[in-house]
Peer 1: 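Structure provided below as structure tokens; questions to follow.
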2 protein chains.
Amino acid sequence: MTEDMWAAVPPGSPRRLLTAAVDAFAGVGYHGTSTRHIAAAAGMSAGALYVHYRTKADLLFQIALAVHESVLAALRDALAAAGGEGHAPRVRALVYAFAGWHARHHLAARVIQNELGALEPEHAERIAGLRRTVRALLRDEIRAGAAAGEFDVADVEGTARALASLAIDVCRWYRPEGPRTPEEIGALYAHLALRMLGTGNG
Amino acid sequence: MTEDMWAAVPPGSPRRLLTAAVDAFAGVGYHGTSTRHIAAAAGMSAGALYVHYRTKADLLFQIALAVHESVLAALRDALAAAGGEGHAPRVRALVYAFAGWHARHHLAARVIQNELGALEPEHAERIAGLRRTVRALLRDEIRAGAAAGEFDVADVEGTARALASLAIDVCRWYRPEGPRTPEEIGALYAHLALRMLGTGNG
DNA sequence: GTCTATATGCGGATAGAC
DNA sequence: GTCTATCCGCATATAGAC
């Protein structure tokens, strides 16, 4: 199901540079990372980087694009698999996929959560659109379940924000060597989410 | 109740530099901020900064200290006010205070959440201790309520982590011009927290 | 496509006058 | 305590050889 997040990036130097940049940005931030470091981690000289990416900012943008498309695909796959089984199972699938994705791809997720402000204005606008789409997916499911009387939610916007926030923040504290797998985290968070929505059977 | 977070910082230049640094770090990150910019925002030349702070890293450390002591004080005040009314009201008070604090002080909170990695090792250890104390406060309350049968929690550690994560992340999306006050966010999050704990009366 | 070398500017931090 | 001037290193990005 989850095909490689970097499938659209040409293998070889472009991809090695991109993944090296993800590691570096996740560790010390965009401004804390030098192009020299990225190039060295990808096994080449500083100058060679600019054959594949116009600027350091372009590198960040390419990461942001790939990452947001990956998370959108994961959410849509989850909804498609859930089908029309009712609102609770659909939200459960959404939160399970969303939280699990942020654990599995915690480094890439951390980059785009922490370094959005470093995007250049035109790049930022493109990314902001993708993010609105993600938030709308969650909010619309909650609104539909509340309208159907399946959820007990007084503040749909605020609760949707809280659910997204909770799942996204997984990428900031998750450690691969920790006690829980991404699937276990997804299951726990889906459970908590349904309780937050007042289904009573979370 | 919430006395000024910077009460321990001498007024005048030291405090102006500190608050200017908070604004700058929150906006473009620690590595994205120059000492020249901080000094200018505080109304002085670049060199004058070093009369009050040894290094840029020291500035970040002083911010981290003040901020963590402020949040600890807020949590302890909340617990003291809640008294022994039962576990649910105590957790409610804790989450209300924690989430509200992260809205009210979202800029300072963002700095210490995003830039912890920029602390120097010895500074980081000191701050890590304060953070453990905060997490323990929350976790112990949840554990006590679960042990008393007042909460229905299968995974105490994971749920405590989720609660803290949810409240902390407020500082990343909160905007003063948004539709909710810090108090409203605190109330919503306390409500959601009790539902997550399975009290049934959240 | 990769290398070495370099242009150019900005960063943190210090020195010394007032 | 603040200023101006400066040291020195590192960063992004480019040029030109291979």
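Protein chains get the first letters and strands the later ones, always in sequence-line order, with residue 1 at the start of each.
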Peer 1: Measure from NZ on B/Lys56 to C1' on C/dC10 and round the result to the nearest Å.
Peer 2: 12 Å
Peer 1: Start with the C-alpha distance between B/Gln62 and B/Tyr53, add both sets of side-chain angles, then the distance that settles side chain to side chain contact (heavy atoms under 4.5 Å, CB included), and finish with yes or no.
Peer 2: CA-CA 9 Å; B/Gln62 300 302 330; B/Tyr53 296 95; 3.9 Å; yes
Peer 1: Could you tell me the separation between the NE2 atom of B/His31 and the P atom of D/dC10, rounded to a whole number of Å?
Peer 2: 15 Å
Peer 1: If you define the side chain from C-beta out and look only at heavy atoms, does anything of A/Ile168 sit under 4.5 Å from A/Phe98?
Peer 2: yes
Peer 1: With a cut-off of less than 4.0 Å, is there a side-chain N or O of B/Tyr50 near OP1 or OP2 of C/dT14?
Peer 2: no
Peer 1: Could I get the full list of side-chain contact (heavy atoms from CB on, under 4.5 Å) partners for B/Pro121, not counting sequence neighbours?
Peer 2: none
Peer 1: What's the CG-P distance between B/Leu59 and C/dG11, to the nearest Å?
Peer 2: 16 Å
Peer 1: For the CD1 atom of B/Ile127 and the CD1 atom of B/Ile112, what is their distance to the nearest 0.5 Å?
Peer 2: 8.0 Å
Peer 1: Could you tell me the separation between the CG atom of A/Asp58 and the P atom of D/dA13, rounded to a whole number of Å?
Peer 2: 10 Å
Peer 1: When every nucleotide of nucleotides 1-7 of chain C is labelled 5' to 3' by its protein contacts under 4.0 Å (heavy atoms), B for base, S for sugar-phosphate only, - for none, what sequence of letters results?
Peer 2: -BBB-B-
Peer 1: Distance-only check: which donor-acceptor pairs under 3.5 Å involve side-chain atoms of residues 150-157 of chain A, not counting sequence neighbours?
Peer 2:
| unit_1 | atom_1 | unit_2 | atom_2 | d |
| --- | --- | --- | --- | --- |
| A/Glu150 | OE1 | A/His87 | N | 3.4 |
| A/Glu150 | OE2 | A/His87 | N | 3.3 |
| A/Glu150 | OE2 | A/Ala88 | N | 3.1 |
| A/Asp152 | OD2 | B/Arg195 | NH2 | 2.7 |
| A/Asp155 | OD1 | A/Glu157 | N | 3.4 |
| A/Asp155 | OD1 | A/Gly158 | N | 2.8 |
| A/Asp155 | OD1 | B/Arg180 | NH2 | 3.0 |
| A/Asp155 | OD2 | B/Arg180 | NE | 3.0 |
| A/Asp155 | OD2 | B/Arg180 | NH2 | 3.2 |

Peer 1: Between D/dT14 atom P and A/Tyr53 atom OH, what is the distance in whole Å?
Peer 2: 17 Å
Peer 1: Is there side-chain contact between A/Tyr96 and A/Glu183, with at least one heavy-atom pair below 4.5 Å?
Peer 2: yes
